[in-house]
Amino acid sequence: RGHARVAAGAVILTLSFYAKQTGIFYVGLGGAIVLLASWRRAITYVAVSGVLGLGGTALLNARTHGWYWTYISRIHRAHDFSMHRFWHAYGEILWHFPAMTLVVIATLGVVGYTYLRRPAAGRRRELPRQVRPFLLWTAAYAVSIVVGAVGIGTEWSVKNAYIPAFLHGAFAAGAALPALAACVGILWAARPRAPLVVHGVPAAAAIALGATLLHAGWQPQIYI
C-alpha cells in the first residue's frame, strides 16, 4: 500500500542479492506480486530495485576495478552444473517433509475449487482474506524450490541450499490452516455438521504438521 512501502520492499529484496546471488529470484517475485496487486506501483518497484541493484553493482565493480563482478559472477559461472542434481532436487525438497507439501497442495486445490464455486461479487470472484497470506507464501515456496534446485546443481554445493524452500514451505503450510478453515466454511456452510467439518479439516492438517515436527526434531548431540 503506497509507493513508499513498495519502495521499502524493493530495497529489502534487492539487498538480499548482495547477501546471496540467488536473491535475484526474490526480487523478481516481489515485482510479480506488486504487478498483480497494483500495477501502477510496479514502476516504483522497478525503479528502486533497478537503481539499487544495477547501480550498486556498477559502483562496487568500479570501486574494486572489476573484481566484484569476477567474484559474484565469473567464478560461479566457471563451476560445473549438474542437471541430474537439479532435477533430483525437486523430489528431495518436496518429499523431505511430505505432510508439509501435501497440506500446501491440498489447500491449493480447495482454494481453487472455492474460487470456481463461489458466486462473483460484482465483476469478479472474491476469495476470503485468509487465503491471501497462503497464496503469497506458496508463491515464495515455489520460487524457493527452484532456488534450492539451482543451488544444489552447482558444483561443490551442499544441501543447505534447501533452507529457503523449507522455511517458506513451513510458512505456506502454517498459512494453509486458516485458508482451509475459511474455504471449507464457504463450501460446507449449508450442509449438516458444518462447524465440525470447518474445524476438523484444518485440525487434521495441523495434526499431520505437528507429527512432522515431532518426527523431525533436530538432535544436535548426534553431531558432537
Side-chain angles (χ1 to χ4, degrees), residues 13 22 25-26 28-39 86-152 159 161-216:
L13 289 174
T22 47
F25 286 90
Y26 300 101
L29 172 65
I33 291 171
V34 174
L35 185 64
L36 290 173
S38 179
W39 66 268
F86 173 80
W87 291 115
H88 186 66
Y90 290 93
E92 289 191 316
I93 294 172
L94 291 171
W95 297 116
H96 190 75
F97 300 114
M100 180 179 76
T101 300
L102 292 173
V103 165
V104 171
I105 292 174
T107 304
L108 277 175
V110 173
V111 168
Y113 185 69
T114 304
Y115 178 78
L116 294 175
R117 286 293 302 273
R118 195 176 192 186
R123 293 185 178 180
R124 61 178 183 177
R125 290 183 174 91
E126 294 287 347
L127 284 168
R129 60 182 177 81
Q130 294 92 332
V131 171
R132 295 176 188 174
F134 167 72
L135 293 178
L136 287 172
W137 284 120
T138 300
Y141 180 34
V143 170
S144 294
I145 291 171
V146 177
V147 168
V150 170
I152 204 66
K159 290 186 179 179
Y162 296 161
I163 290 174
F166 293 146
L167 174 69
H168 295 146
F171 288 161
L177 303 182
L180 268 177
C183 289
V184 172
I186 293 171
L187 296 173
W188 210 268
R191 300 185 182 185
R193 298 182 180 178
L196 180 63
V197 175
V198 170
H199 293 90
V201 171
I207 291 171
L209 295 173
T212 296
L213 290 174
L214 290 174
H215 178 71

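Keep in mind that the numbers below use all heavy atoms, side chains included, and drop hydrogens, waters and symmetry copies.
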Is the closest side-chain heavy-atom distance between [X] and [Y] below 4.5 Å?
| X | Y | value |
| --- | --- | --- |
| L167 | W137 | no |
| I33 | L29 | yes |
| S144 | Y26 | yes |
| Y141 | T101 | yes |
| F134 | L108 | yes |
| V131 | Y115 | no |

The criterion is side chain to side chain donor-acceptor pair (under 3.5 Å); which residues satisfy it with Y90, sequence neighbours excluded?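 Residues passing side chain to side chain donor-acceptor pair (under 3.5 Å) with Y90: none at all.
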
Name every donor-acceptor pair, under 3.5 Å, that has one atom in a side chain of residues 169-185 and the other anywhere in the protein, sequence neighbours excluded.
none

Mind checking the [atom1]-[atom2] spacing from [X] to [Y]? Nearest 0.5 Å is all I need.
| X | Y | atom1 | atom2 | value |
| --- | --- | --- | --- | --- |
| L136 | H168 | CG | NE2 | 11.5 Å |
| W188 | L196 | CH2 | CG | 10.0 Å |
| L127 | R132 | CG | CZ | 9.0 Å |
| W95 | M100 | CH2 | CE | 10.5 Å |
| I93 | H88 | CD1 | NE2 | 10.5 Å |

So H96 and Y162, side chain to side chain contact (heavy atoms under 4.5 Å, CB included) or not? Walk me through it. CA-CA 10 Å; H96 190 75; Y162 296 161; over 6 Å; no

Give me the atom names and distance for the closest heavy-atom approach of L187 to R117.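 So the minimum-distance heavy-atom pair works out to CD2-CB, 4.2 Å.
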
Taking all atoms of both residues into account, what is the closest heavy-atom pair of P202 and V197, and its distance?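 Closest approach of P202 to V197: CD-O, 4.3 Å.
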
Treating H199 as the side-chain partner and P195 as the backbone partner, does any N or O pair qualify as donor plus acceptor under 3.5 Å?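 Side chain of H199 to backbone of P195: a pair is present.
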
Might you work through the side chain to side chain contact (heavy atoms under 4.5 Å, CB included) test for L213 and L209, ending with a clear yes or no? CA-CA 6 Å; L213 290 174; L209 295 173; 5.7 Å; no

